[in-house]
Amino acid sequence: MIIIPVKEGENIERALKRFKRKFEKTGVIKELRERQKYTKPSIKKREELKKAIYVQGLQQQED
């Protein structure tokens, strides 16, 4: 549970902004989206490989 202490005289928008920042850092939304669909481990591995190859190609182009 996220607790945001609101100081006396503090603007409610500022407190809400602090709450949103803390909420994003917890990663709840990201985890929720990941759990909505199941991805097989083999597909995850394949995607990671594709990404690594892509990044390696970009690094070679810079040299």
Side-chain angles (χ1 to χ4, degrees):
M1 179 189 239
I2 301 174
I3 299 172
I4 303 292
V6 180
K7 298 166 187 138
E8 193 172 323
E10 184 180 14
N11 193 351
I12 191 72
E13 280 82 24
R14 183 175 291 250
L16 189 60
K17 198 174 213 178
R18 281 196 351 240
F19 171 78
K20 286 180 181 179
R21 239 182 280 134
K22 257 190 179 180
F23 185 74
E24 282 181 17
K25 283 186 180 180
T26 60
V28 174
I29 298 293
K30 186 177 180 182
E31 186 177 334
L32 186 86
R33 287 187 182 140
E34 285 177 5
R35 288 184 180 203
Q36 282 182 344
K37 64 177 180 123
Y38 176 75
T39 332
K40 289 173 38 179
S42 60
I43 294 176
K44 283 183 186 178
K45 191 174 179 182
R46 191 179 313 147
E47 288 173 356
E48 287 176 14
L49 255 172
K50 275 182 163 180
K51 185 177 178 182
I53 291 170
Y54 175 76
V55 169
Q56 190 176 21
L58 288 177
Q59 288 174 348
Q60 286 179 353
Q61 284 180 353
E62 288 178 357
D63 293 336

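Computed over heavy atoms, backbone and side chain alike; hydrogens, waters and symmetry mates excluded.
- The structure places CD of Gln59 at 11.0 Å from CD of Gln61, a figure rounded to the nearest 0.5 Å.
- Salt-bridge check for Arg35 with Glu31: passed, with a basic side-chain N closer than 4.0 Å to an acidic carboxylate O.
- Hydrophobic clustering (side-chain heavy atoms under 4.5 Å, transitive across Ile, Leu, Val, Met, Phe, Trp, Tyr) groups Ile4 together with Ile29.
- More than 12 heavy atoms of other residues, nucleotides or ligands shown are found within 6.0 angstrom of CG on Leu49.
- Note: Leu58 CG to Gln56 CD = 10.5 Å, rounded to the nearest 0.5 Å.
- Here Lys25 contributes atom NZ and Lys22 contributes atom NZ; the two are 9.0 Å apart, rounded to the nearest 0.5 Å.
- A salt bridge is defined here as a Lys NZ or Arg NE, NH1 or NH2 lying under 4.0 Å from an Asp or Glu carboxylate O, and Arg18 with Glu10 meets this definition.
- If you take CZ on Phe19 and CD on Glu24, they are separated by 10.5 Å, rounding to the nearest 0.5 Å.
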